[in-house]
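Right, one structure below, let's go through it.
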Amino acid sequence: MDACPNRGPSWPAPPEAANRPDDAEDSHRWSRNGKLFRGLYDIELVESEAIGTVGVGEATIPPIRKYNELLQLDEAEFMRRTQATFKLGIEFVDWVRPGHRYMHGFGAIGQDWEWLRCHQYWLSAHQRGRAGDFADYSINTAAALANKFMHPRADMAESPISHIAYAFQFDASLYAKYLRSLAEQHGVRRTEGRIVRVTTAQSGDIGSVTLEGDRTIAADFFIDCSGFRGVLIEQTLKTGYEDWSRWLPCDRAMAVPCARTDPLVPYTRATARDPGWQWRIPLQHRTGNGLVYSSRHIDDEAAETLLLGNLDGEQLANPNRLRFTSGKRRKMWNRNCVALGLAAGFLEPLESTSIHLVQTAAIRLVRLFPDAATDQATIDEFNRQADFEWERIRDFIVLHYWANRRQGAFWEYCRTMELPETLQRKIDLWQSNGRIFREDDELFSEESWIQVLIGQGILPRSHDPLVAIKSDPQIDKFLGNVAGTIGRCVGVMSPHDEYIRKYCPADAVA
Ligand SMILES: Cc1cc2nc3c(=O)[nH]c(=O)nc-3n(C[C@H](O)[C@H](O)[C@H](O)COP(=O)(O)OP(=O)(O)OC[C@H]3O[C@@H](n4cnc5c(N)ncnc54)[C@H](O)[C@@H]3O)c2cc1C
């Protein structure tokens, strides 16, 4: 590994991390402090085995590493316990048109050169018919396509190896069990039972919940993690829901595991289908699959046939059917209740953002933790930050649907729908000179937007005029150098499944 090619002094220090929470210094502070509340609060978790959990959710994005660090999880141990594999990005198959594919790899694209991002030089070469495949300029994408992996090396700041950004593909139910046992070790009391009644005080705040069998639990503050039901935030507080299905028309999902196939690839695949799209997520013990679809464009039986007809291995269980409306609660914090997870809303899983949204909401709650007299300014700030985060992720997902040239009613609808103003503004700016700016602390980096825009075939009318500072031969040499260095780095990386076997082999499942 030490022999990894190095481009030399002109390869700069890594640009801003792939996803903002990667550089959240605060999380380091917390993780060193260990258990956060130190017994300050009495926390009780109520959940019902009879109701169960959604039980899907297998692909994640790089900020989960910071979250796990915050919880002081040992990465190899966590991966063994959750049957995890590494994820370098998402491959989008047939999204632009049947037969087309591209990768949204996490992390950097090539390297900046003076004032400009690498893609500006690529756009210039592309206009002259001299550009290579855009995939060759991302270490993540090139490694994923070669089915290779290695951890980034901080001591190799001069090499693309230091830019590798990764997440995990894992069994979310095992992750939930793992986190629950940690919470219990840290003093959280877990109560099995179904909440059948919720009492509100005269003020309108929630006062207590009553379980089947009549045990009542009173509290000052409630976190609603009851999934799509929203037992507290909606059924009790009637908070209301912003429906985003005019932009994200899929409203059903069907999930089914199949036998693991070889090789174990370090990426999730999202394949467009006539009424939506299908995911494929490789784990150590099995492959997760699912169809996300629009009920206006296919019925459930036909959807099941479509899904089961497109599995790579033997089907291991009956399909799990789910209904949802993409959107979010009007207020994720209402009175003395914060909604987390599916109780807060749902952005369909195309970019694997739901578990991330649970984790950022938990961190946001800690940052804005209320005292006994919760003030409205704190609540409003929580909701403002959450709304911004959700809307920008929504825009990024909508982009994938809108930028298509596929046939069929579903895809024609997506191509012609009116876009959210925030997304339209981004696309307009991109289309003039290929510029994208990350706004405030929105989740997806410029690199992510650039890869999906170029991947989906949305090329700007022209590149940045400052490209002209360099001559065409200089640009071609620069791009050749970047792609060549990345190619040599990928050459020294390990095959992904060999890496998993050595680093974090999980127990076989009977
Ligand atoms: C189709 C689909 C695909 C997904 N894919 C991904 C993915 O690839 N990546 C990703 O990050 N996320 C994904 N997600 C989201 C992910 O599954 C969820 O964010 C995650 O599981 C968290 O769910 P939750 O805990 O909010 O809700 P749930 O899993 O529904 O849990 C709700 C909990 O509340 C309890 N409960 C409910 N009502 C009561 C009651 N009355 N009394 C007591 N307890 C009660 C239940 O027992 C359960 O424990 C996906 C979701 C769906 C629907």
Side-chain angles (χ1 to χ4, degrees), residues 44-64 67 82 84 87 90 167-177 179-180 183 190-198 209-213 215 217 222-236 248 250-257 267-270 276-283 288-293 303 307 319-326 328-329 332 338-362 390 393 397 443:
E44 183 158 359
L45 162 71
V46 179
E47 60 180 342
S48 159
E49 295 273 355
I51 294 175
T53 59
V54 156
V56 275
E58 309 188 302
T60 59
I61 52 177
I64 192 172
Y67 193 81
T82 60
K87 177 180 172 190
I90 305 175
F168 311 103
Q169 303 167 129
F170 60 43
D171 183 329
S173 304
L174 295 177
Y175 185 52
K177 275 192 195 137
L179 296 188
R180 174 182 146 190
R190 191 250 178 205
T191 298
E192 167 62 32
R194 182 197 288 256
I195 294 167
V196 288
R197 205 167 52 252
V198 182
V209 295
T210 303
L211 312 188
E212 234 164 19
R215 181 181 162 212
I217 305 169
F222 292 82
I223 300 177
D224 187 345
C225 303
S226 63
F228 288 127
R229 286 174 186 79
V231 171
L232 306 181
I233 195 82
E234 197 56 55
Q235 290 180 10
T236 307
L248 296 170
C250 291
D251 58 354
R252 299 274 194 283
M254 205 176 281
V256 68
Y267 58 89
T268 294
R269 176 175 291 158
W277 63 280
Q278 181 168 337
W279 78 74
R280 188 196 70 171
I281 304 177
L283 313 185
N289 307 276
L291 187 72
V292 178
Y293 57 99
L307 172 63
N320 177 12
R321 294 181 181 191
L322 299 146
R323 293 170 172 226
F324 59 85
T325 304
S326 278
K328 63 163 195 67
R329 289 289 157 227
M332 297 194 195
V338 162
L340 291 193
L342 300 174
F346 185 54
L347 281 168
E348 62 137 279
L350 187 58
E351 283 282 350
S352 325
T353 43
S354 284
I355 292 170
H356 170 79
L357 285 167
V358 175
Q359 299 183 333
T360 52
W390 281 63
I393 296 173
I397 299 173
L443 173 64

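Order of appearance sets the numbers: ligands from 1, and atoms from 1 within every ligand. Computed from a predicted structure; not experimentally measured.
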Which of the atoms in ligand 1, numbered in the order shown and given with their element, are less than 4.0 Å from a heavy-atom of [X]?
X	value
G193	42 (N), 43 (C)
I355	10 (C), 11 (O), 12 (N)
A253	1 (C)
G341	26 (O)
E47	44 (N), 49 (O)

Test: E49 and R190 ion pair at under 4.0 Å: yes
Are G52 and ligand 1 in contact, using a heavy-atom cut-off of under 4.0 Å?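 Per 4.0 Å heavy-atom rule, G52 contacts ligand 1.
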Is there a donor-acceptor pair closer than 3.5 Å between any side-chain N or O of [X] and the backbone N or O of [Y]?
X	Y	result
T236	V231	yes
E44	T191	no
D224	I233	yes

Below 4.0 Å, non-hydrogen atoms only: which portion of [X] touches ligand 1? Side chain, backbone, both or neither.
X	value
F346	side chain
E348	neither
S48	both

OG1-CZ distance between T353 and F346, expressed to the nearest 0.5 angstrom: 8.0 Å
Min N/O separation F228 to ligand 1 under 3.5 Å: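 For ligand 1, there is no N or O atom that lies under 3.5 Å from one belonging to F228.
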Between T53 and ligand 1, is there a nitrogen or oxygen pair with a distance under 3.5 Å? no
Quick test of your reading of the structure: of L211, V46, V56, whose heavy atom lies closest to atom 2 (C) of ligand 1? V56
Which residue and heavy atom of the protein sit nearest atom 33 (C) of ligand 1, plus the separation: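 Protein heavy atom with the smallest distance to atom 33 (C) of ligand 1: C225 O, 3.3 Å.
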Scan for side chain to side chain donor-acceptor pair (under 3.5 Å) pairs involving residues 341-350, sequence neighbours excluded, and state none if there are none.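 Qualifying pairs, neighbours excluded: W277-E348, E348-Y401.
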Under-4.0 Å heavy-atom contact between protein and atom 20 (C) of ligand 1: no
According to salt bridge (charged side-chain N to carboxylate O under 4.0 Å, His left out), does anything in residues 50-64 pair up with another residue at least two apart or in another chain? List the pairs.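 Only E58-R286 qualify under salt bridge (charged side-chain N to carboxylate O under 4.0 Å, His left out).
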